[in-house]
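Indexing begins at 1, ligand by ligand and atom by atom, following the structure's order. Residue numbers run from 1 in the order of the sequence given. Because the structure is predicted, anything quoted here is derived from the model rather than measured. Computed over heavy atoms, backbone and side chain alike; hydrogens, waters and symmetry mates excluded.
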Amino acid sequence: MLNMAEGIARLSALAQSPVISTVADAFAAAGFDLAIVGGPVRDGLLGRSTHDFDFTTNARPDDILRIVTPVSTAQWDIGREFGTIGARVRGEQVEITTYRADSYDGATRKPTVEFGDTLEADLARRDFTVNAMALRVPSLTLVDPSGGVEDLIAGVLRTPIDPAVSFGDDALRMLRAARFSAQLGFEIEEKTSVAMHELRETLGIVSAERVQSELVRLLAADDPVRGLRTLVDTDLMAQFLPEIPALRLEIDEHHHHKDVYEHSLTVVRQAIELEHERHPGAAPDVSLRLAALLHDIGKPATRRLEPGGAVTFHHHDVKGARMARKRLKELKFDSATIASVTTLIELHLRFFGYAEGTWTDSAVRRYVRDAGDELERLHILTRADVTTRNKRKATRLRNAYNDIEDRITALREQEQLDAIRPEIDGNRIQEILGLGPGREVGEAYRFLLELRLDEGVLGDEEAEARLRAWWASRR
Ligand SMILES: Nc1ncnc2c1ncn2[C@@H]1O[C@H](COP(=O)(O)OP(=O)(O)OP(=O)(O)O)[C@@H](O)[C@H]1O
């Protein structure tokens, strides 16, 4: 439960940090209003770490630039037509934007930028009440016209205006709702989620790049499953990734799972747990999470009812990889991500043909070679793919996978050892010792190899000296 007194204290501390007070003092001295706005206010109150320094002001871009230049080491104005000036202040990046009075520059319309005069009007056009708060600096007055604090306490996402109007202005906000629910663990208020469902088709106007970027942010969040469910439940997912809702129809009788959809969400969750376990503190692995989400999308198209009632999904790995490639291309994912996700989908079944000891060394080697750079992700995905409630089966599969990882390690060590050669080869041995081919050359070679294994790299000269000494000692 959010403690507001603590939140306010944290926010005041943030506001008095050197970066913020430097900017605040400069604007106050120039006679303009300034407020921290949006993400940093929300995250500050929640006690989440914040990396954004977003400000809003009644100063126009020319004035912003003039005021911020003496207190910053760099300035840029890529967002100037939207009223935004960026600057580097005390080593941090800050963004300062003129109050806006138009609706947000959504994807649905050509952005018509209109500057405004009041902070309240600027806040009214923001996406959610928890993002529509500002803290005036240096006075430290919290401005919260739409009840953002209340919603933060309740853990609710709600639009400051009628959600249908807000989403009509900018359809991307519907995806942002799902993304924030995944990041913050918040519920989406009923009217807001009803509007998401009703306006789902307007998402078609949003560019694939923006959809992709929200999906990536959602997957990188603490609880992607919450966001994914939101997208499926509101039918928004069907607009850009219909393969996911299609999984709901597939009752996986064979495994007594609820269905492939629930299974896939469990795999996403388990993959994230393993990510944390195996790589504590690492950045969220979006490719892995995407692969976990998509790994079974080939199932609906390959489902067969066999005589006797068993359900099979032959080649759903290959089919799924092909479907994923097409879909990810449409969503304008970069080629590295597409390659990584499709490799993982293609290989996600390979392990399930393994029972301890049944793979030859060459099968293990082929597994490593085919996975290439994706091997660690494949370990995680395959382990996460075990969602059976049968404890004994789960343990057996876990042990079998441990066995594979052990064998990979052992083979690698062995192959590294095998690759070790002494500094001096057989021909040189013959030259140095004045020998023809024969048993003694082999003995000299083994002597040098032992030396190399015991003492590491010696260098040519030292190796030759040791060889001569060894030879002399034998005579
Ligand atoms: N499409 C939009 N419609 C309305 N308001 C928006 C929109 N995009 C951004 N905003 C406003 O701008 C602020 C900054 O947006 P941004 O996308 O950087 O998110 P954020 O809240 O800072 O979260 P994050 O820390 O994840 O970036 C938001 O808090 C919100 O007030």
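Close approach of ligand 1 to Gly39 is summarised as follows: ligand atoms under 4.0 Å from at least one heavy atom of the residue are 21 (O), 22 (O), 29 (O). Close contacts between ligand 1 and Gly38 involve ligand atoms 29 (O) [criterion: under 4.0 Å to a heavy atom]. Heavy-atom proximity to Asp52, at under 4.0 Å, picks out these atoms of ligand 1: 22 (O), 25 (O), 27 (O). Listed by number with element, the atoms of ligand 1 under 4.0 Å from a non-hydrogen atom of Gln183 are 26 (O). Taking a cut-off of under 4.0 Å to the non-hydrogen atoms of Arg125, the atoms of ligand 1 that pass are 4 (C). Interface atoms of ligand 1 facing Arg173, defined by a heavy-atom separation under 4.0 Å, are 1 (N), 2 (C), 3 (N), 4 (C).
In summary, the side chains of Asp317 and His348 do not present any donor paired with an acceptor at a separation below 3.5 Å, with no hydrogens or angles considered. Defined by atom type and a distance below 3.5 Å, a donor-acceptor pair is present between the side-chain atoms of Arg90 and Thr22. Checking Thr387 against His263 by side-chain atom types alone, a donor-acceptor pair falls below 3.5 Å.
Contacts between Asp170 and ligand 1 below 4.0 angstrom, taking non-hydrogen atoms only, involve the side chain exclusively.
By the 6.0 Å contact criterion, NE2 on His279 is enclosed, its count of non-hydrogen atoms from other residues, nucleotides or ligands being greater than 12.
Of the candidates Arg126, Met174, Arg176, Arg48, Arg176 brings a heavy atom nearest to atom 10 (N) of ligand 1.
Residue-to-ligand polar distances place Arg179 within reach of ligand 1: an N/O pair is separated by less than 3.5 Å. The shortest N or O to N or O distance between Asp43 and ligand 1 is not under 3.5 Å.
The structure places OH of Tyr367 at 7.0 Å from CD1 of Ile408, a figure rounded to the nearest 0.5 Å.
Using modelled atom types, no side-chain atom of Ser213 and backbone atom of Glu209 make a donor-acceptor pair closer than 3.5 Å.
Residues in residues 191-232 take part in no ring-ring contact (aromatic ring centres under 6.0 Å, His included) pair, two or more places apart or across chains. Among residues at least two apart or in separate chains, ring-ring contact (aromatic ring centres under 6.0 Å, His included) pairs with a member in residues 368-406 are Phe351-Tyr401, His379-Tyr401.
Note on ligand 1: Phe180 sits in its first shell, one or more heavy atoms being nearer than 4.0 Å.
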